[in-house]
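Heavy atoms only: backbone and side chains are in, while hydrogens, waters and symmetry mates are out. The shown structure was predicted, so the numbers you read here are calculated from the model rather than taken from an experiment.
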Number of protein chains: 2
Amino acid sequence: MDQPGPGPRRTTTSEQLRVWRDFVETTEALRSRLSSRLQAESSLSSSDYAVLLALHDADGHCLRSSTLADAVGWERSRLSHQVGRMERRGLVARKGGRSAGVALTDDGAATFRRASVAHLRAVRQLFVDALTDDQLAAAGEIAAALRSALDRPES
Amino acid sequence: MDQPGPGPRRTTTSEQLRVWRDFVETTEALRSRLSSRLQAESSLSSSDYAVLLALHDADGHCLRSSTLADAVGWERSRLSHQVGRMERRGLVARKGGRSAGVALTDDGAATFRRASVAHLRAVRQLFVDALTDDQLAAAGEIAAALRSALDRPES
DNA sequence: ACGTCGGAATTGACGTGTCAATTCCCGGAG
DNA sequence: CTCCGGGAATTGACACGTCAATTCCGACGT
């Protein structure tokens, strides 16, 4: 046996692959479920919600485009399209000329508050309460480990 | 202290929320990284890959539309659009009249084999090898727990 | 003051996903 | 044989994301 003792060392990859698939499919399903609920309850997409959240947390409910883009972690152009659509729906407003800020409208702020209680309830039900304390802690560690792998030099 | 002893009971929700956000953002980033690599290395989207994988595993490299839809877990119409696009690129072919099957072409099969080695390498690097054995096991349990919450009656 | 240079923001074109029709085919009833 | 019902598959219209231009504005040198 070229296995260094009884310690848990990698067997094949098929078991690992199974975990990978379960993990991916489940997180995907979770994301998509939360997204449907949000849509059904508040007519907001996850993207809408992300923007509203960032603006809501911002000082004066207003941010420069590029700051907002960083806050939600998107490309500029994606944000621009998104803001355009949200502006048409009256959730946000562009301030000033070409440069200088996107602001939450009153309507946007109200919509966000309404949506967020339902959304947080859903997150609690489908994630927080679905896991034991240990599992929740493990989830945090796993996220950190994955992120650090993602941040490595690239291959 | 209204905390019932040293036992691990929920504090506020803000710590839990932080874990939730980390978790979501990280899995999202991971998915998107794998997807870019696949695209760069093989000119395939994740959706393309999913379809090729399902057909490759299928008997005779051919499946009925609805069976294929179940295999990848999509809506019918999404599959139809996807297959249409893949057909134009020569990766798959529709058989028979309106009903009766989508088949992998030789080109599709070859493309899939090429893509899968790179993809599996990436999965190993960014997921399997990024986690300790314990974390990998925990990931499996977390997926199971989340899935079972998702499968509950709905709210 | 004028040009122009550079980055910020936007736009357009295109591939993709969803929802609501719509088409197509098969099987049974008359 | 013909007609009709219903489910499978497709299509169309529209929302969304990405990439490659393009526009816009302000700073800097001369």
Side-chain angles (χ1 to χ4, degrees), chain A residues 25 28-29 31-52 54-55 62-103 111, chain B residues 25 28-52 54-55 62-103:
Chain A
E25 280 165 22
E28 167 64 18
R31 174 188 325 291
S32 128
R33 179 76 128 265
L34 285 170
S35 169
S36 318
R37 279 215 200 173
L38 193 57
Q39 183 73 49
E41 291 162 350
S42 318
S43 305
L44 293 177
S45 67
S46 307
S47 303
D48 295 333
Y49 187 83
V51 169
L52 293 179
L55 285 177
C62 178
L63 285 176
R64 258 187 106 75
S65 282
S66 61
T67 318
L68 181 50
D70 287 354
V72 297
W74 291 348
E75 305 219 350
R76 296 276 169 75
S77 76
R78 174 176 177 185
L79 183 73
S80 213
H81 284 299
Q82 180 70 36
V83 167
R85 274 166 278 165
M86 293 178 73
E87 190 175 29
R88 265 179 255 131
R89 291 193 281 153
L91 296 170
V92 302
R94 283 186 166 95
K95 315 281 288 226
R98 190 177 190 78
S99 245
V102 179
T111 301
Chain B
E25 280 165 21
E28 168 64 17
L30 176 54
R31 174 188 325 291
S32 125
R33 180 75 129 267
L34 284 170
S35 169
S36 318
R37 279 215 199 175
L38 193 56
Q39 183 74 49
E41 292 163 349
S42 320
S43 305
L44 292 177
S45 67
S46 305
S47 304
D48 294 334
Y49 188 83
V51 168
L52 293 180
L55 285 177
C62 179
L63 286 176
R64 258 186 104 75
S65 281
S66 60
T67 318
L68 181 50
D70 288 353
V72 296
W74 291 348
E75 306 215 352
R76 297 277 172 76
S77 76
R78 175 175 177 187
L79 184 74
S80 214
H81 284 300
Q82 180 71 36
V83 167
R85 276 165 278 169
M86 293 178 73
E87 189 175 29
R88 264 179 256 130
R89 293 193 281 151
L91 296 170
V92 302
R94 284 186 166 95
K95 314 281 286 226
R98 190 176 190 75
S99 245
V102 179

* **Protein-nucleotide distance (A/Asp48, atom CG; D/dC16, atom C1'), rounded to Å** => 10 Å
* Structure fact -> Residues of residues 71-81 of chain B with a heavy atom under 4.0 Å from any atom of DNA chain D, listed by number, are B/Arg76, B/Ser77, B/Ser80, B/His81
* Structure fact -> Here the distance between atom C1' of D/dC25 and atom CZ of A/Arg64, to the nearest Å, is 11 Å
* Would one find a side-chain N or O of B/Ser47 under 4.0 angstrom from OP1 or OP2 of C/dG17? -> yes
* Grab the CG-P distance between B/Leu68 and D/dA8 for me, whole Å please. => 15 Å
* To do: Take atom CG of B/Asp70 and atom P of D/dG7, then tell me their distance rounded to the nearest Å.
  => 16 Å
Contacts under 3.5 angstrom, residues 85-92 of chain A side chains, donor-acceptor by atom type, not counting sequence neighbours:
from	atom 1	to	atom 2	distance (Å)
A/Arg85	NE	A/His81	O	3.3
A/Glu87	OE1	A/Arg94	NH1	2.8
A/Glu87	OE2	A/Arg94	N	3.3
A/Arg89	NH1	A/Ser43	O	3.4
A/Arg89	NH2	A/Asp48	OD1	2.9
A/Arg89	NH2	A/Asp48	OD2	2.7

* Asked: Can a side chain N or O of B/Arg85 be found less than 4.0 Å away from OP1 or OP2 on C/dC14?
  -> no
* Taking the side chain as every heavy atom from C-beta outward, state whether A/Ser65 and A/Val102 have any atom pair closer than 4.5 Å. => yes
* Kindly say if A/Ser65 contacts the phosphate of C/dT10, meaning a side-chain N or O under 4.0 Å from OP1 or OP2. => yes
Considering only distance and modelled atom types, tabulate donor-acceptor pairs under 3.5 Å from the side chains of residues 66-79 of chain A, sequence neighbours left out.
from	atom 1	to	atom 2	distance (Å)
A/Arg78	NH2	A/Ser47	OG	3.3

* Asked: How many Å lie between CZ on A/Arg88 and P on C/dT10, as a whole number?
  -> 13 Å
* Asked: Think B/Gln82 has a side-chain N or O under 4.0 angstrom from the OP1 or OP2 of C/dG17?
  -> yes
* Interatomic distance, B/Arg94 CZ vs C/dC25 P [rounded to whole Å] -> 14 Å
* Asked: Who pairs with B/Glu28 by salt bridge (charged side-chain N to carboxylate O under 4.0 Å, His left out), at least two apart in sequence or on another chain?
  -> A/Arg31
* To do: Write down the distance between CZ (B/Arg89) and C1' (C/dT16), rounded to a whole number of angstrom.
  => 11 Å
* Asked: Quick one: which of D/dG17, C/dA9, D/dA9 gets closest to the side chain of A/Ser66?
  -> C/dA9
